[in-house]
Undergrad: 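Before anything else, here's the structure in question.
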Amino acid sequence: MSISNKIGIYPGSFDPITLGHLDIIKRSSELFDTLIVAVLNNRTKNPLFSADDRVKMIESVTSDLNNIKVQTFEGLLVDFAKETGAHILVRGLRATSDFEYELQMAQTNRTMAPQIDTVFLTTDLKYAYLSSSIVKEVASFGGDISHFLPESIIPLVKEKYK
Ligand code: ADP
């Protein structure tokens, strides 16, 4: 399936990118001509990796996909979407617990920018439990994170908790 001449945005913190995120990136890259992975540079949160490091990590694990751009953004996502010319936001849905927040965000964004729509991809069941926060929690206790992250990202996370 392809939506022609379309730019999609997949926004998130990606702190760090997990196999669940990568699955959504791969699947949504097929739906758009260009998929912008938009890394939230949120100064009020205290991220494990800087926004620039998160961009580099995502670029390195998506280098085999030829229609991906990775950029940071600050402030309102709808403003960033307008700047890039994107009309569609992509979000991943893991469980019903994601749904309430995601619906609220999608409706808020649509009220602010009616020309921008949100589409949801359901997670691959393999990754339904997976989040960046749970990976950080496991890593902080020295647990095995090899099932959760792209291979090249694993040593970078371990290094943070040395
Ligand atoms: P945020 O800080 O905005 O929640 P995240 O980096 O945690 O950003 O996630 C970005 C997007 O990826 C969200 O739409 C989230 O629901 C989705 N996502 C996160 N983990 C998974 C996963 N394991 N499977 C599918 N989608 C996921």
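For ligands, and for the atoms within them, numbers begin at 1 and follow the listed sequence. Quick note: numbers below take in every heavy atom, side chains included, and nothing from hydrogens, waters or symmetry partners.
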Undergrad: Who passes side chain to side chain contact (heavy atoms under 4.5 Å, CB included) against Thr123, sequence neighbours left out?
TA: Arg94, Tyr127, Ala128
Undergrad: Got Ile7 and His87 here, is their nearest side-chain heavy-atom distance under 4.5 Å?
TA: no
Undergrad: Would you mind checking which non-hydrogen protein atom is closest to atom 5 (P) of ligand 1, with the distance to 0.1 Å?
TA: His21 NE2, 3.6 Å
Undergrad: How about Ile116 and Ile9: do any of their side-chain heavy atoms sit closer than 4.5 Å?
TA: no
Undergrad: How close does the nearest protein non-hydrogen atom get to atom 12 (O) of ligand 1, and which residue and atom is it?
TA: Tyr10 OH, 2.6 Å
Undergrad: Could you tell me the residue and atom name of the protein heavy atom closest to atom 23 (N) of ligand 1, and the distance to it rounded to 0.1 Å?
TA: Tyr127 O, 2.8 Å
Undergrad: Does ligand 1 have an atom that lies less than 4.0 angstrom from a heavy atom of Thr18?
TA: no
Undergrad: For atom 15 (C) of ligand 1, find the nearest protein heavy atom and state the residue, atom name and distance (0.1 Å precision).
TA: Gly92 O, 3.7 Å
Undergrad: Provide the number and element of each atom of ligand 1 under 4.0 Å from a heavy atom of Phe14.
TA: 6 (O)
Undergrad: Can Arg27 and Asp23 be counted as an ion pair, charged N to O under 4.0 angstrom?
TA: yes
Undergrad: Residues in side chain to side chain contact (heavy atoms under 4.5 Å, CB included) with Ser146, at least two apart?
TA: Asp144, Ile154
Undergrad: Are Glu159 and Lys162 ion-paired here, with the side-chain N under 4.0 Å from a carboxylate O?
TA: yes
Undergrad: Is there side-chain contact between Lys136 and Asp15, with at least one heavy-atom pair below 4.5 Å?
TA: yes
Undergrad: Which protein non-hydrogen atom lies closest to atom 24 (N) of ligand 1, naming both residue and atom, and how far is it?
TA: Thr123 OG1, 3.0 Å
Undergrad: Closest non-hydrogen protein atom to atom 2 (O) of ligand 1, residue and atom name please, with distance?
TA: Ser13 OG, 2.6 Å
Undergrad: Does Pro11 have a non-hydrogen atom less than 4.0 Å from ligand 1?
TA: yes
Undergrad: Within the 4.0 Å heavy-atom shell around Leu130, which atoms of ligand 1 are there?
TA: 20 (N), 21 (C), 22 (C), 23 (N)
Undergrad: Side chain of Asp33, backbone of Lys6: donor and acceptor closer than 3.5 Å?
TA: yes
Undergrad: Out of Arg54, Arg94, Arg91, who is nearest to atom 21 (C) of ligand 1 when you count heavy atoms only?
TA: Arg94
Undergrad: Against ligand 1, does Tyr129 come closer than 4.0 Å with any heavy atom?
TA: no
